[in-house]
Amino acid sequence: MNRDQIAEVLTEIAVLLELKGENPFKARAYTNAARTLQSLNRPLDELFAPGAEHIKGIGESIHDRIVEMLAKGKCAYYEELKASMPPGLLEMLNIPGLGPKKIKALYEKLGVETVDQLEKACLAGKVAVLDGFGEKTQSKIVEGIKFRQQYASRHLLSDALAVAEPILENLRSHPDVIRCSTAGSLRRSKEVIGDIDFLVSSKNPAEIIAFFVNQPGIMNVTAKGETKASVFMGGGIQADLRVVSDAEFPFALAYFTGSKEHNIVMRQRAIQRGLRLNEYGLFKSDVETRDPKLLVSCKTEEEIFQKLDLAYVPPEMREDHGEFVAAEKNKMPRLIEWTELKGSLHNHSNWSDGRETLEEIAQHMQELGLAYWAITDHSKSSFQANGLDPARLRKQLPEIKKINDKLAKDGDEFRLLTGSEVDILNGGKLDFDNDLLAELDVVVASVHQGFTQSEEEMTKRIIKAVENPYVHILGHMTGRLLLEREPYKLNQHAVIDACAATGTWIELNSNPYRFDMDWRLWQYAKEKGVKCVINCDAHKNEHAGFLRLGAGMARKGWLEKSDIINTLPLKALLVELKKKRQKLA
DNA sequence: GCCGTTTTCGGCCCGACTGTTTTCAGTCG
């Protein structure tokens with residue numbers, strides 16, 4: 001079992017324990033262990049080797065369960081727990097308003113075991129008469145079930161941004177708004193978003209709440225209080241607004257930006273210093289009070305970190321992924337800014353499955369102020385994408401040269417680069433011969449077929465491809481499509497090691513469905529000295545905008561300008577593109 | 001179930017909102 005699978009079992013154990021009504025802290029211990037596991041960078045077989053160092057948050061009994069899962073691929077305790085519970089109960093947790101306690105009551109008092117049975121019980125009026133339930137709860141459950149059938153609860157970052165940005169603009173222009181921001185996973189630039197969080201400071205919260213719930217695009221209002229409102233937007237994205245005083249704003253912003261894991265450590269640091277931190281402020285002593293006289297004043301998030309003896313941690317890094325160690329030692333990376341990117345080295349034209357012509361692409365990218373743009377159309381085996389055979393590719397090269405000659409004649413700095421996104425075939429052979437690859441400025445190698453190979457075969461296949469001296473970049477390493485397709489099985493650490501050994505760059509594919517390689521692995525890659533290329537994988541000119549999203553992911557991976565190849569100006573890039581060939585050829 | 005330089009027992013982040021109550025439990029973030 002891999003890291004994700006083990007973490008999922010631990011998380012499910014926690015849920016099952018809650019449903020059983022066990023000690024909630026026992027359940028939390030499993031949740032914490034799952035999180036701890038996800039935040040560790042080193043390979044699992046090292047972390048759980050006999051005699052390995054103790055991991056904080058994973059005690060004796062959970063440690064043994066993880067070792068069992070690594071060895072046997074299953075966990076007896078989990079199987080046992082699962083067997084003792086109807087499987088439909090877990091699904092009920094997805095219904096808004098239903099938690100472990102209520103589900104347990106429904107199960108014990110009505111014998112409800114599935115979402116279907118629950119819906120029927122509600123429609124028959126059996127739920128409303130239970131202790132602790134009522135008419136409203138009953139109809140909310142029915143609504144919740146219908147809603148879940150209609151919409152997903154998780155959304156792509158790009159979709160969430162498209163909904164959030166116009167509302168943020170509207171809030172910003174409201175005269176009663178002093179400061180405002182998005183918060184939560186959107187501000188942290190997570191690849192997948194649950195809901196959108198807005199935060200506003202104002203002297204007139206009632207006015208702001210009323211303004212917010214009347215924004216265009218809101219389907220219904222699910223909660224509306226004095227300082228907080230929740231709504232559903234078109235597309236089924238939930239959005240929450242909090243309104244606080246301006247003095248509270250930095251604390252609320254830090255609090256609601258999270259992540260939860262990050263906040264827990266922040267709170268603990270406050271407690272260690274005889275302080276108490278919450279969304280309203282940083283208070284002296286842990287006395288139960290909100291007396292403003294006891295407030296440690298901070299006007300910005302930066303000052304909060306300062307008071308807890310930390311350097312400022314940018315939102316993207318607030319995942320409890322090592323940021324506290326770095327911020328304590330004042331060794332924070334200076335994260336990449338998307339405006340530092342000079343172009344993209346993996347893109348398509350209408351020669352394969354892209355939309356625009358070479359001329360249209362060149363003109364658009366030049367107008368955006370970029371320095372270069374590589375045309376890397378698909379190779380022949382990607383026939384579904386109208387991949388180029390060697391003859392067509394050799395025909396494309398002079399077309400690109402013609403465009404570049406004209407640009408040079410006009411005195412323009414911008415250049416198209418020739419290239420290919422060459423398929424990594426089964427067994428690791430590339431779809432083009434080396435003599436053709438040698439004619440290209442940029443070679444991206446990617447897997448597009450044979451996704452179901454074993455981890456061992458896939459790992460060997462990709463390592464063989466990156467060992468080719470003409471491959472500059474490994475494209476979308478895992479082939480995942482967020483919310484749609486799982487990554488193929490792969491030992492990513494081994495592939496990163498191979499890229500380090502051969503001087504191959506790894507792509508951070510900025511298509512919002514991909515964001516591949518995952519941000520969680522970039523710290524490891526960086527340690528190994530592997531360079532990143534933030535690529536659009538553009539199929540339309542408007543996909544150039546993915547550079548901004550990709551830079552957000554790179555920031556989550558702690559990457560700096562110097563870690564990223566496509567921050568280089570054209571001349572320096574051309575030098576770098578020759579290095580691997582000189583070294584290995 | 002995990003943790004500990006005041007602790008090996010007694011804590012474990014905590015506040016808003018809702019709905020059901022009539023002072024609070026459950027859920028959510």
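Heavy-atom basis, side chains included; hydrogens, waters and symmetry copies ignored. Here the structure is a predicted model, which is why all the values come from computation and not from measurement. Here is how names work: the chains are called A, B, and so on, in the same order as the sequence lines, proteins then strands, and each is numbered from 1.
Using a 4.0 Å heavy-atom distance criterion, A:Lys56 is classed as a sugar-phosphate-only contact. Residue contacts shown for A:Glu226 are limited to sugar-phosphate atoms, with no base heavy atom under 4.0 Å away. A:Leu277 comes within contact range of no nucleotide atom at all, as no heavy-atom separation falls under 4.0 Å. Residue contacts for A:Gly57: at a heavy-atom cut-off of 4.0 Å it reaches the sugar-phosphate backbone alone, with no base atom in range. Contact annotation for A:Ser230: no contact, since no heavy-atom pair falls under 4.0 Å across all strands. Within the nucleic acid shown, A:Ile55 comes within 4.0 Å of sugar-phosphate atoms alone, with no base atom in reach, counting heavy atoms only. Residue-level contact check: A:Phe256 touches neither bases nor backbone, having no heavy atom under 4.0 Å from any strand.
Taking the P atom of each, B:dA25 and B:dT20 are spaced 16 Å apart, rounded to whole Å. Nucleotides B:dT8 and B:dA16 have their P atoms positioned 35 Å apart, rounded to a whole Å. Nucleotides B:dG10 and B:dG15 are separated by 25 Å at their P atoms, to the nearest Å. Taking the P atoms as reference points, B:dT6 lies 28 Å from B:dG1, given to the whole Å. Comparing the P positions of B:dC12 and B:dC17 gives a spacing of 24 Å, expressed to the nearest Å. Spacing of C1' atoms, B:dC13 relative to B:dT27, comes out at 16 Å, to the nearest Å. Annotation: B:dG26 and B:dT21 have their C1' atoms spaced 13 Å apart (nearest Å).
A centroid separation of less than 6.0 Å is found between the aromatic rings of A:Phe305 and A:Tyr312. Note: A:His321 and A:Trp519 meet the aromatic proximity criterion, with ring centroids under 6.0 Å apart.
Contact check, A:His54 against B:dC3: a side-chain N or O comes under 4.0 Å of OP1 or OP2. Residue A:Thr222 places none of its side-chain N or O atoms closer than 4.0 Å to OP1 or OP2 of B:dT18. In this model, the phosphate group of B:dG15 is approached by a side-chain N or O of A:Asn278 to a distance below 4.0 Å at OP1 or OP2. Contact check, A:Arg276 against B:dC14: no side-chain N or O comes under 4.0 Å of OP1 or OP2. Distances shorter than 4.0 Å separate none of the side-chain N or O atoms of A:Tyr30 from OP1 or OP2 on B:dC2.
Looking at the side chain of A:Ser61, the nearest of the listed nucleotides B:dG29, B:dG15, B:dC2 is B:dC2. The side chain of A:Tyr255 lies closest to B:dG29 when the candidates are B:dG29, B:dG4, B:dA16. Side-chain proximity of A:Ile62 to the nucleotides B:dG15, B:dG1, B:dG29 is greatest for B:dG1.
With a glycosidic angle no more than 90° from 0, B:dT7 adopts the syn conformation.
Residues from residues 312-329 of chain A that place a heavy atom under 4.0 Å from any atom of DNA chain B: there are none. At a non-hydrogen distance threshold of 4.0 Å, A:Ile95, A:Pro96, A:Gly97, A:Leu98, A:Gly99, A:Pro100, A:Lys101, A:Lys102 from residues 79-105 of chain A come into contact with DNA chain B.
Around the CD atom of A:Glu79, the shell of radius 6.0 Å holds more than 12 heavy atoms that belong to other residues, nucleotides or ligands.
Using a cut-off of 4.0 Å between Lys/Arg side-chain N and Asp/Glu carboxylate O, A:Arg514 and A:Glu484 are scored as not salt-bridged. Using a cutoff of 4.0 Å between basic side-chain nitrogens and carboxylate oxygens, A:Lys20 and A:Glu80 are not scored as salt-bridged. Between A:Arg35 and A:Glu261 a salt bridge is recorded (basic side-chain N to carboxylate O distance below 4.0 Å).
Under the side-chain contact (heavy atoms from CB on, under 4.5 Å) criterion, A:Asp197 pairs with A:Ala183, A:Asp195, A:Asp240, not counting sequence neighbours. With sequence neighbours excluded, no residue satisfies ring pair (Phe, Tyr, Trp, His ring centres under 6.0 Å) with A:His155. By the side-chain contact (heavy atoms from CB on, under 4.5 Å) test, A:Glu527 is found to be paired with no residue, residues two or more places apart in sequence or in another chain being considered. Not a single ring pair (Phe, Tyr, Trp, His ring centres under 6.0 Å) links A:Trp522 to another residue, sequence neighbours left out.
Among residues at least two apart or in separate chains, there is no ring pair (Phe, Tyr, Trp, His ring centres under 6.0 Å) pair with a member in residues 90-140 of chain A. Among residues at least two apart or in separate chains, ring pair (Phe, Tyr, Trp, His ring centres under 6.0 Å) pairs with a member in residues 166-208 of chain A are A:His174-A:Phe211, A:Phe198-A:Phe212. Listed by first and then second residue, the ring pair (Phe, Tyr, Trp, His ring centres under 6.0 Å) pairs that reach into residues 38-58 of chain A are A:Phe48-A:His63, sequence neighbours excluded. Legend: ring pair (Phe, Tyr, Trp, His ring centres under 6.0 Å) pairs involving residues 213-237 of chain A, not counting sequence neighbours, sorted by first then second residue: A:Phe147-A:Phe232.
A:Glu560 pairs with exactly one of A:Arg334, A:Lys526, A:Arg555 by the salt bridge (charged side-chain N to carboxylate O under 4.0 Å, His left out) rule, that one being A:Lys526.
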So which protein N/O to nucleotides 7-12 of chain B N/O distances come out below 3.5 Å?
none

Polar pairs (N or O, both sides) under 3.5 Å between protein and nucleotides 20-22 of chain B?
residue: B:dT20; atom: OP1; partner: A:Gly134; partner atom: N; Å: 2.7
residue: B:dT20; atom: OP1; partner: A:Gly134; partner atom: O; Å: 3.1
residue: B:dT20; atom: OP1; partner: A:Glu135; partner atom: N; Å: 3.4
residue: B:dT20; atom: OP1; partner: A:Lys136; partner atom: N; Å: 3.4
residue: B:dT20; atom: OP1; partner: A:Thr137; partner atom: N; Å: 3.2
residue: B:dT20; atom: OP1; partner: A:Thr137; partner atom: OG1; Å: 2.9

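Annotation: cation-pi geometry satisfied between A:Arg65 and A:Tyr77 (NZ/CZ under 6.0 angstrom from ring centroid, within 45° of ring axis).
Remark: B:dG15 base-pairs with B:dC28. Criterion, Watson-Crick or G-U wobble with two distances under 3.5 Å.
Rounded to an integer number of Å, the gap from NZ of A:Lys140 to P of B:dC17 is 13 Å.
Both A:Ala223 and A:Asp195 lie close to DNA chain B; mapped to their nearest nucleotides by heavy-atom distance, the more 5′-ward contact belongs to A:Ala223.
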